[in-house]
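Remarks on the structure that follows.
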2 protein chains.
Amino acid sequence: MAATIKDVAREAGVAVCTVSFAMNGSAHVAEATKKRIFGAVERLNYRPNQSARGLVTKKTNNIGLAVAETADGLENGILLEVIQGLGRAASHKNYDLLLSFQKQQTDKPDEHLLDVYRKQSADGLILMGNKMSERPYKDLLTNRFPFVLLGRPYKDNLCHSVNADNEQGGYLAAQFLLKKGHRRIGFITPCSLEFDAAIDRLNGYKRALTEFDIEVDEKLIALGSFEPDSGYQETETLLSLKDRPSAIIAGRDVIAARVNEKAVTLGYQVPDDLAIVGFDNTIVAQLARPGITSVELPMLTMGHEAGKLLISLIEGDIEYDAIQKISLPCGIFERDTT
Amino acid sequence: MAATIKDVAREAGVAVCTVSFAMNGSAHVAEATKKRIFGAVERLNYRPNQSARGLVTKKTNNIGLAVAETADGLENGILLEVIQGLGRAASHKNYDLLLSFQKQQTDKPDEHLLDVYRKQSADGLILMGNKMSERPYKDLLTNRFPFVLLGRPYKDNLCHSVNADNEQGGYLAAQFLLKKGHRRIGFITPCSLEFDAAIDRLNGYKRALTEFDIEVDEKLIALGSFEPDSGYQETETLLSLKDRPSAIIAGRDVIAARVNEKAVTLGYQVPDDLAIVGFDNTIVAQLARPGITSVELPMLTMGHEAGKLLISLIEGDIEYDAIQKISLPCGIFERDTT
DNA sequence: CTTGATTATGCAAGCGCTGTCAATACTAAT
DNA sequence: ATTAGTATTGACAGCGCTTGCATAATCAAG
C-alpha cells in the first residue's frame with residue numbers, strides 16, 4: 001500500500017542504501033542524487049515506516065506520557081497547557097507524544113503506567129501527578145531509562161524533575177501584598193499539608209513575612225482542603241479574628257473565589273476592606289468578577305522544559321546521572337481583588 | 001536489555017512460537033504450558049516489542065490525534081475532556097493515543113497532520129478542529145485509512161464523524177425558556193455564521209419557537225463573535241429594543257457571563273428581569289455568580305464515541321464505506337440565571 | 001495396538017529498514 | 001597515466017516478532 005524505501009530507490013534510480021543514507025544523513029550523498037531522491041520521496045509521499053525503523057534503531061521518536069485516571073476525572077495536574085508545552089518541545093525535535101491511559105480496575109495501576117516503556121514504544125517517559133509505588137522507579141532507574149517527573153516532587157535527588165517553584169510563588173503572593181502595605185495577611189492552604197505544593201507555598205509566605213520583619217501568626221493560617229467550598233468557612237474564621245487580616249492569600253483560585261463571595265456576603269468591600277490573591281491563575285481567576293489577582297504557575301513552560309529535558313536525556317546531551325531538578329518561577333497577575 | 005520472546009521461551013522451557021501463540025491466543029496452548037509461560041512473562045516483566053510486532057502485523061495499537069497548534073494556543077475544540085474520553089475508549093481496547101503536534105512555521109501545515117499516517121505509526125486518526133485542505137482527506141479516503149472527524153462537521157457524507165447535536169442544543173435552550181413562560185427570547189450567536197455550530201444552534205432555537213407558534217423575530221438575533229466582550233454591546237442592543245426580550249440565549253458561556261454583567265450594570269435583576277442561558281457548560285458557567293444555566297456539550301462522550309467508532313473501523317467491525325455520522329444530544333444544567 | 005485428536009516443536013520466511021562490507025565508478029589533482 | 005579521494009553500489013545480516021508448514025510427541029478412546 002504505502003510506498004517503501006524500495007519504491008523510492010526504484011523511482012529515483014538509486015540503491016536502497018543510498019536512499020537511507022540521504023534521508024538520515026549517515027553518509028555523504030552527492031547533491032544531485034539527493035535532489036533526485038527527495039523528488040521521488042515527494043512524488044510517492046514516502047515516509048519511512050516507524051515500526052521498521054524503530055526495530056533496527058531502537059528509537060521510536062515517541063515521548064510517553066503516563067496518564068493516571070481516577071474516578072473523578074484525570075489526575076490533578078494533567079493540564080492541557082502542560083501537554084501543549086510538551087507537544088511544542090516534542091514537535092520541535094520531531095517527537096510525538098504517546099499518551100497511555102491507565103487501565104481502570106486493575107490490581108496494580110502503577111505497573112500499567114510503565115507498559116509504554118516495557119513495550120518499548122517510547123524513548124522516554126514523563127511522569128506526572130501519579131502516585132506510584134517505589135518499584136516502578138527502581139525499574140526505570142536501574143535500566144537507565146530516561147524519565148522526568150513533572151509537577152510531582154520526589155524529594156531525594158534520584159530523578160530528573162521539573163516543577164513550579166511553589167515556595168517562590170508563595171513568597172511572591174505575600175511580597176506583593178506586603179509591598180502594598182498589608183501587614184496582617186491570612187493564608188488558606190490549597191489542601192492538606194501532606195502535599196509538598198501546600199507546604200512550599202506556605203513556606204514562601206512565611207519567608208516573605210520574615211523578610212519584612214513580621215512575625216508569623218499561626219492564627220492567620222487556615223487549612224484549606226480539596227473541597228473549594230471549605231473556603232467559606234475559613235474566610236469567616238479569619239475575618240472574625242479580633243485583629244482580622246486585611247488580605248487573604250488563597251492556595252487555589254477556586255478557593256479565592258469563595259473567599260471573595262464570603263467577604264462580600266459579610267459586607268466587606270473587595271479590595272478596599274479585603275485584598276485577595278489566588279493561586280494557579282486559572283480561567284476562574286480570569287473570568288471571576290471581580291477578577292482575582294493570582295499567582296501563575298508556568299504550566300506551558302513546565303511542559304516545555306520537561307519535554308526538552310527528556311529529549312536531552314534521550315539523545316544523550318545530558319548524562320543520565322547528572323540529575324537536573326528544574327524549578328520554574330511563578331509570576332503574578334494583578335486583577336481587581338488587590 | 002529488555003527481555004525478548006526468546007528469553008521467555010527459554011525461561012518457560014518452551015519454543016518461541018508457543019510463547020507467541022499463548023500471548024496472542026492464535027492457537028491452542030494447553031493450560032499447563034500457558035501457566036508456565038505467563039509465569040515466565042511475569043518474572044521477566046516481558047512485553048512484546050511494539051516495533052517488532054507492528055512490523056509484522058502492520059498494527060501499532062495507536063490512535064493518532066492530529067493536533068493543530070495556532071499562534072494563540074491549541075486549536076479551538078481540543079479539549080481535555082475529549083482527550084479523556086478518547087483515552088477511555090482507547091485503553092479499553094488496548095490502544096494508546098498518539099498526539100502529533102503540527103510543526104510551526106511550515107508551508108503546508110495540513111500535510112503535516114498526516115505524517116502519523118504516512119509513518120504508519122497509528123492505525124487510525126482522529127481529526128478535530130483542524131482546517132484542512134481537500135487533498136489530505138482524499139489521500140486518506142482513497143487508501144481506506146480509518147479516520148473520524150470530531151466536532152468538525154463535514155457536510156457531505158464522505159467521512160465518519162462524531163458531533164454534538166448543536167441544533168438540538170439550541171432547541172433545548174429555547175424550549176427550556178419557553179416552558180418557563182418566556183415569549184421574547186434573544187439569541188446571541190457564538191461566533192459568525194460561517195461556522196456550522198453557530199448556524200445549527202440558531203436553527204434549533206428557531207425550531208423551538210416555531211413549535212411554540214412564535215414567530216421568529218430577526219431583531220432578537222444578534223451576531224456574536226469570538227471576542228467575548230462583544231457580548232456587552234449585543235446585550236445593550238437587545239435590551240434597548242422597545243419590546244425587549246425577557247431572556248437571552250448566549251452562544252457561549254463566556255458571552256453569557258458578559259450578558260449577565262451588562263444586565264446587572266443596566267439595573268436588571270437576573271433571573272427575574274432577565275433570564276440567561278449559556279452554552280458549553282464550562283467551568284465559567286459553573287463558577288460564575290450567579291451560576292449560569294448552560295447547555296452542556298457531551299465532550300467526554302464525544303471523545304469516547306469517536307474512539308469507539310474509530311476502533312470499530314480499525315478492527316473491521318464496521319465497513320469503511322458505511323459512513324456513520326454520530327450526533328450526540330446536549331443536556332442542560334440549570335443554575336441561578338433562569 | 002491402532003487411530004485420531006490435541007498439543008508442541010523446529011524451521012524458515014518475511015515485515016521495512018539500517019548500516020556494514022567490499023567492490024566499483026567517477027572526478028580531480030598530480 | 002597514475003593516484004587519491006569521493007560517490008555509489010549490490011549483497012547481506014539483523015532488529016524481534018508472527019505465522020505457515022511439516023513433523024513429532026502426548027494422550028484418550030476404540
Side-chain angles (χ1 to χ4, degrees), chain A residues 1-41 44-62 94 115-123, chain B residues 1-41 44-62 94 115-123:
Chain A
M1 189 96 277
T4 74
I5 198 172
K6 279 186 192 170
D7 300 323
V8 176
R10 193 179 322 114
E11 174 85 12
V14 298
V16 166
C17 56
T18 313
V19 176
S20 179
F21 292 150
M23 300 213 63
N24 303 315
S26 37
H28 265 246
V29 175
E31 274 312 314
T33 17
K34 255 189 197 164
K35 201 154 286 176
R36 282 218 319 283
I37 291 172
F38 288 128
V41 165
L44 299 177
N45 241 318
Y46 170 74
R47 298 289 181 289
N49 176 305
Q50 267 299 119
S51 298
R53 180 180 243 180
L55 184 54
V56 25
T57 60
K58 300 191 168 320
K59 270 215 65 182
T60 59
N61 274 278
N62 287 157
N94 266 305
D115 272 2
V116 164
Y117 147 68
R118 300 223 175 81
K119 289 187 297 191
Q120 295 154 76
S121 47
D123 302 328
Chain B
M1 186 98 276
T4 74
I5 197 171
K6 279 187 192 169
D7 300 323
V8 176
R10 193 179 322 114
E11 173 85 12
V14 298
V16 167
C17 54
T18 312
V19 176
S20 179
F21 290 150
M23 300 212 61
N24 303 316
S26 36
H28 265 248
V29 175
E31 273 312 314
T33 17
K34 253 189 196 162
K35 201 154 284 177
R36 284 218 317 284
I37 291 173
F38 288 128
V41 165
L44 300 178
N45 241 319
Y46 170 74
R47 297 289 180 289
N49 176 305
Q50 267 300 120
S51 298
R53 181 180 244 181
L55 184 53
V56 28
T57 60
K58 301 195 167 319
K59 271 217 62 183
T60 60
N61 274 276
N62 287 158
N94 267 306
D115 272 2
V116 163
Y117 147 69
R118 301 222 175 83
K119 290 187 296 190
Q120 296 153 76
S121 46
D123 302 327

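So you know, we letter chains A, B, ... as the sequences are listed, proteins then strands, and number each from 1.
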_To the nearest 0.5 Å, what is the distance between CZ on F21(A) and CD1 on I37(A)?_
10.5 Å

_d(CZ, R53(A); P, dG19(C)) in whole Å_ = 9 Å

*Sub-4.5 Å side-chain heavy-atom contact between R53(B) and N61(B)*: no

_Closest to side chain of N49(B), choosing from dG16(D), dG10(D), dC17(C)_ = dG16(D)

*Is the backbone N or O of V41(B) less than 3.5 Å from a side-chain atom of E11(B), with the two atoms forming a donor-acceptor pair by type?*
no

*asked:* Please report the distance, rounded to the nearest Å, between CG in N24(B) and C1' in dT19(D).
replied: 10 Å

*asked:* dG16(C), OP1 or OP2 - any side-chain N/O from T4(A) closer than 4.0 Å?
replied: no

*Between I5(A) (CD1) and dT18(C) (C1'), how many Å, whole number?*
8 Å

_Atom-pair distance (CG on D7(A); P on dC15(C)), nearest Å_ = 12 Å

*Closest-nucleotide ordering on DNA chain C, the 5'-leading residue of A32(B) and A3(A)*: A32(B)

*Give the rounded distance in Å between these two atoms: CZ of R10(B) and P of dA8(C).*
20 Å

*Which whole-number value in Å describes the distance from K6(A) NZ to dT18(C) C1'?*
14 Å

*asked:* Rounding to an integer number of Å, can you tell me how far R36(A) CZ sits from dA7(D) P?
replied: 15 Å

*Are T18(B) and dT9(C) close enough that a side-chain N or O sits under 4.0 Å from OP1 or OP2?*
yes

*Answer yes or no: does a side-chain N or O of Y46(A) lie under 4.0 Å from OP1 or OP2 of dG16(C)?*
no

*Tell me: CG of L55(B) to P of dC17(C), nearest whole Å?*
9 Å

*Got a donor-acceptor contact below 3.5 angstrom from the Q120(B) side chain to the Q50(A) backbone?*
no

*Report which part of the nucleic acid T33(B) touches: base, sugar-phosphate, or nothing (heavy-atom distance under 4.0 Å, all strands).*
sugar-phosphate

*Report the nucleotide, chosen from dT8(D), dG10(C), dA11(D), that has the shortest atom-to-atom distance to any side-chain atom of C17(A).*
dA11(D)

_I need the D115(A) CG to N45(B) CG distance, nearest 0.5 Å._
9.0 Å

_T57(A) vs dT18(C): side-chain N/O to OP1/OP2 distance below 4.0 Å_ = no

*Where each residue is assigned the nucleotide of DNA chain C containing its nearest heavy atom, which of K58(B) and M23(A) is assigned the position nearer the 5′ end?*
K58(B)

_Minimum-distance nucleotide (side-chain atoms of F21(A) versus dG19(C), dT19(D), dT8(D))_ = dG19(C)

